[in-house]
Student: 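Provided herewith is a single structure, encoded as structure tokens, for subsequent inquiry.
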Amino acid sequence: MLLKDKVAIITGGASGMGLATAELFAKEGAKVVIADLNLAGANDVAETIKSAGGIATAVEVNVSLQTDIDQLFKTTLATFKRVDILINNAGIMDDMAGIANISDKIWRRVFAVNVDSVMMASRVAMQSFLPQKNGVIVNIASVGGLRGGAAGAAYTAAKHAVIGLTKNTAYMYAPSGIRCNAIAPGGIATNISKSMSSVDQDGLMRTQEGSNIMPTPGQPHDIAQAALYLSSTQSKYVNGITLTVDGGWSTY
Ligand SMILES: NC(=O)c1ccc[n+]([C@@H]2O[C@H](COP(=O)([O-])OP(=O)(O)OC[C@H]3O[C@@H](n4cnc5c(N)ncnc54)[C@H](O)[C@@H]3O)[C@@H](O)[C@H]2O)c1
């Protein structure tokens with residue numbers, strides 16, 4: 001077991017790659033905290049893990065609110081006494097709009113959920129990681145954080161920010177025994193399109209030129225395996241990287 005007795009918080013753990021990561025981490029011996037806006041979904045995942053003999057709990061969290069994040073860590077420490085791994089996975093799509101058509105509302109919402117959350121949760125995690133001189137953060141970015149044409153302007157800028165935050169955190173805290181890496185998934189079969197309340201047709205047409213050359217979509221499990229590698233001691237000398245998991249899509 002690669003994560004025996006480790007305590008892992010997984011945001012957005014009720015669906016998609018967060019769900020797959022929660023189940024895989026529990027199989028690998030971790031005590032898993034499934035943190036999601038969707039409490040019913042998070043509870044279902046926790047129950048499935050427990051009925052398979054694993055250890056899990058569900059917490060209702062809006063990752064864009066500092067108060068909710070503070071409560072998430074309080075609950076985790078009260079339940080499992082420590083925290084070792086933070087997977088900043090919760091995220092939403094934008095509407096594919098380029099800068100000419102961007103709405104303030106979507107820009108702010110995408111940054112709140114996809115970027116502010118990573119900063120706030122990582123900041124609170126440091127309160128545990130620094131004194132214990134150990135801890136791992138894995139940020140779920142996107143190929144949209146490495147390229148210009150995979151999504152709209154808000155999502156692209158937000159995921160670039162996540163990758164920048166990953167590198168800075170890795171650099172700043174390497175001497176303290178803390179690692180921080182990112183994963184850049186390509187197109188993965190999840191429920192994320194449900195987070196799009198509207199679609200900008202011009203932006204969609206431009207992004208589709210790139211998505212048309214994507215190989216078969218990946219599965220949530222493909223990302224969970226990458227998260228397991230980056231969270232375990234198998235990657236103990238890996239710090240500050242962005243691991244692209246996209247079936248080769250972005251090599252074009
Ligand atoms: N699916 C893809 O193709 C793809 C590609 C690249 C990156 N990503 C990234 O992967 C991550 C996971 O997405 P997914 O594809 O598994 O999507 P998903 O929609 O299946 O799962 C996302 C989960 O996050 C939760 N969530 C959303 N907003 C939240 C909030 N404010 N607070 C707490 N929880 C919240 C949702 O309830 C859901 O359970 C996201 O960061 C996303 O940007 C996805």
Side-chain angles (χ1 to χ4, degrees), residues 9-24 33-46 58-72 75 86-96 106 108-121 137-147 149-152 154-163 165-166 182-197 207-208 210-211 214-224 226-227 242-247 249-250:
I9 294 176
I10 301 168
T11 69
S15 174
M17 41 189 103
L19 187 162
T21 302
E23 292 189 346
L24 181 63
V33 181
I34 299 141
D36 205 291
L37 205 52
N38 171 5
L39 181 61
N43 273 327
D44 286 349
V45 179
V59 183
E60 184 176 3
V61 177
N62 180 346
V63 291
S64 65
L65 300 177
Q66 182 73 62
T67 45
D68 280 24
I69 286 179
D70 290 344
Q71 195 53 50
L72 165 64
T75 306
L86 169 65
I87 311 291
N88 284 311
N89 164 76
I92 54 171
M93 276 305 299
D94 65 3
D95 61 352
M96 299 292 184
I106 289 179
R108 294 207 173 102
R109 184 158 171 259
V110 167
F111 266 76
V113 177
N114 292 6
V115 185
D116 295 2
S117 64
V118 177
M119 177 278 286
M120 293 188 292
I137 299 172
V138 178
N139 296 325
I140 306 302
S142 168
V143 294
L146 297 166
R147 318 246 146 209
Y155 189 87
T156 301
K159 292 299 189 181
H160 274 74
V162 169
I163 289 173
L165 196 49
T166 302
I183 298 172
I188 310 294
T190 70
N191 294 313
I192 197 154
S193 58
K194 287 189 187 157
S195 68
M196 298 172 81
S197 49
T207 58
Q208 269 177 349
S211 48
M214 191 196 301
T216 315
Q219 296 302 315
H221 184 69
D222 297 319
I223 305 305
T242 298
L243 179 58
T244 301
V245 184
D246 71 347
W249 177 30
S250 60

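The residues of the chain are indexed from 1 along the displayed sequence. Note that ligands are numbered from 1 as they come in the structure, with each ligand's atoms numbered from 1 the same way.
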Student: Under a 3.5 Å distance rule, please check whether Asp94 uses its side chain to pair with a backbone N or O of Tyr155 as donor and acceptor.
Tutor: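 Indeed, once roles are kept as given, a pair shorter than 3.5 Å links the two residues.
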Student: Determine, considering heavy atoms only, which of Gly91, Gly16, Gly18 sits nearest to atom 22 (C) of ligand 1.
Tutor: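 Considering heavy atoms of Gly91, Gly16, Gly18, the nearest to atom 22 (C) of ligand 1 sits in Gly91.
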Student: Need the ligand 1 atom indices (1-based, order shown) with element for anything under 4.0 Å from a heavy-atom of Val61.
Tutor: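 Counting from 1, the qualifying ligand atoms are 32 (N), 33 (C).
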Student: I need the nearest protein heavy-atom contact for atom 15 (O) of ligand 1: residue, atom name and distance, please.
Tutor: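 Here the closest protein heavy atom is Thr190 OG1, 2.6 Å.
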Student: Check if Asn62 has a non-hydrogen atom at a distance under 4.0 Å from any atom of ligand 1.
Tutor: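 Yes; Asn62 lies near enough to ligand 1 that a heavy-atom distance drops under 4.0 Å.
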Student: Geometry only, no angles: is Ala35 polar-contacting ligand 1 at N/O separations under 3.5 Å?
Tutor: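 The answer is no, given that Ala35 and ligand 1 share no N or O pair closer than 3.5 Å.
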Student: Please check whether Val113 reaches ligand 1 - meaning an N/O of the residue sits under 3.5 Å from an N/O of the ligand, judged on distance alone.
Tutor: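 Not met; the criterion fails.
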Student: To the nearest 0.1 Å, how far is atom 20 (O) of ligand 1 from its closest protein heavy atom, and which atom is that?
Tutor: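 Nearest protein contact, heavy atoms only, for atom 20 (O) of ligand 1 is Ser15 OG, 2.6 Å.
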Student: Would you say Lys159 contacts ligand 1, with heavy atoms under 4.0 Å as the rule?
Tutor: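 The answer is yes, since Lys159 has a heavy atom less than 4.0 Å from ligand 1.
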Student: Is Ser195 reaching over with its side chain to a backbone N or O of Met93, donor-acceptor style, under 3.5 angstrom?
Tutor: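 The answer is yes, because a donor-acceptor pair under 3.5 Å joins these two groups.
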Student: For atom 6 (C) of ligand 1, what's the nearest protein heavy atom and its distance?
Tutor: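 Result: Pro185 O, 3.4 Å.
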Student: Quick one: does any side-chain atom of Asn139 pair with a main-chain N or O of Ala141 as donor and acceptor, under 3.5 Å?
Tutor: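 Pair absent, no side-chain N/O of Asn139 close to backbone of Ala141.
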Student: Of all the heavy-atom pairs spanning Ala184 and Leu146, show the shortest one and how long it is.
Tutor: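 Of all heavy-atom pairs spanning Ala184 and Leu146, the closest is CB-CD1, 3.7 Å.
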Student: Using heavy atoms and a 4.0 Å limit, tell me yes or no: is Ala141 in contact with ligand 1?
Tutor: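 Contact check Ala141 vs ligand 1: positive.
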Student: To check your reading of the model: name the closest protein heavy atom to atom 24 (O) of ligand 1, its residue, and the distance in Å.
Tutor: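 For atom 24 (O) of ligand 1, the nearest protein heavy atom is Gly12 CA, 3.4 Å.
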Student: What protein heavy atom sits nearest atom 13 (O) of ligand 1, and how far away is it?
Tutor: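 For atom 13 (O) of ligand 1, the nearest protein heavy atom comes out as Ile192 CD1, 3.8 Å.
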Student: So do the side chains of Thr244 and Ser250 get within less than 4.5 Å of each other, counting heavy atoms only?
Tutor: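 Yes. Closest side-chain heavy atoms under 4.5 Å.
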Student: Please confirm whether the backbone N or O of Gln219 pairs with a side-chain atom of Asp222, one donor and one acceptor, at under 3.5 Å?
Tutor: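 Between the backbone of Gln219 and the side chain of Asp222 there is a qualifying donor-acceptor contact (under 3.5 Å).
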Student: Below 3.5 angstrom, do we get any N/O pair linking Asn191 and ligand 1?
Tutor: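 Among all N and O atoms of Asn191, at least one is under 3.5 Å from an N or O of ligand 1.
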Student: Nearest to atom 41 (O) of ligand 1, what protein heavy atom do you find, and at what distance?
Tutor: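 Atom 41 (O) of ligand 1 sits closest to the protein heavy atom Asn89 O, 2.8 Å.
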Student: Could you check which of Leu37, Asp36, Val118 puts a non-hydrogen atom nearest to atom 36 (C) of ligand 1?
Tutor: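 The option holding the nearest heavy atom is Asp36.
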Student: Tell me, which protein residue and heavy-atom name are nearest atom 3 (O) of ligand 1, and how many Å apart are they?
Tutor: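 Scanning the protein heavy atoms, the shortest distance from atom 3 (O) of ligand 1 goes to Ile188 N, 2.8 Å.
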Student: Contact between Pro220 and Ile188 at the side-chain level, heavy atoms closer than 4.5 Å - yes or no?
Tutor: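 A side-chain contact exists here, since the closest heavy-atom pair is under 4.5 Å.
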Student: Heavy-atom contact check, 4.0 Å cutoff: does Gly187 meet ligand 1?
Tutor: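 A heavy atom of Gly187 does come that close to ligand 1.
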Student: Just so I know, are the side chains of Asp68 and Val63 near enough to count as touching, which here means a heavy-atom distance under 4.5 Å?
Tutor: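 The answer is no; the side chains never approach within 4.5 Å.
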Student: Which atom names give the shortest non-hydrogen contact between Pro217 and Ala189, and what distance separates them?
Tutor: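 Here Pro217 and Ala189 meet closest at CB-N, 4.5 Å.
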Student: Starting from atom 30 (C) of ligand 1, which protein heavy atom do you reach first, and at what distance in Å?
Tutor: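 Looking at atom 30 (C) of ligand 1, the protein heavy atom closest to it is Val63 CG2, 3.6 Å.
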Student: Report yes if the side chains of Lys159 and Asn114 come closer than 4.5 Å at any heavy-atom pair, otherwise no.
Tutor: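 They are in side-chain contact.
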Student: Is there a polar contact between ligand 1 and Met17, counting only N or O atoms under 3.5 Å apart?
Tutor: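 For ligand 1, there is an N or O atom that lies under 3.5 Å from one belonging to Met17.
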Student: Quick one: does Tyr155 get an N or O within less than 3.5 Å of an N or O on ligand 1?
Tutor: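 Yes, there is a polar N/O contact under 3.5 Å.
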Student: So, do Ile9 and Leu72 sit near enough that their side-chain heavy atoms are less than 4.5 Å apart?
Tutor: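 Result yes, sub-4.5 Å side-chain heavy-atom pair found.
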Student: Which atoms of ligand 1 sit under 4.0 Å from any heavy atom of Ile140?
Tutor: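 Atoms satisfying the 4.0 Å criterion: 9 (C), 10 (O), 11 (C), 41 (O).
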Student: For the residue pair Pro185 and Ile140, establish whether any side-chain heavy-atom pair is separated by less than 4.5 Å.
Tutor: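 Yes; the side chains approach each other to less than 4.5 Å.
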Student: Out of curiosity, is Gly186 lining ligand 1, as in a heavy atom under 4.0 Å away?
Tutor: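 Gly186 counts as a contact of ligand 1 under the 4.0 Å cut-off.
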Student: Could you check if a side-chain atom of Thr11 sits within less than 4.5 angstrom of a side-chain atom of Val61, using non-hydrogen atoms only?
Tutor: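 Side chain of Thr11 against side chain of Val61, heavy atoms only: no contact under 4.5 Å found.
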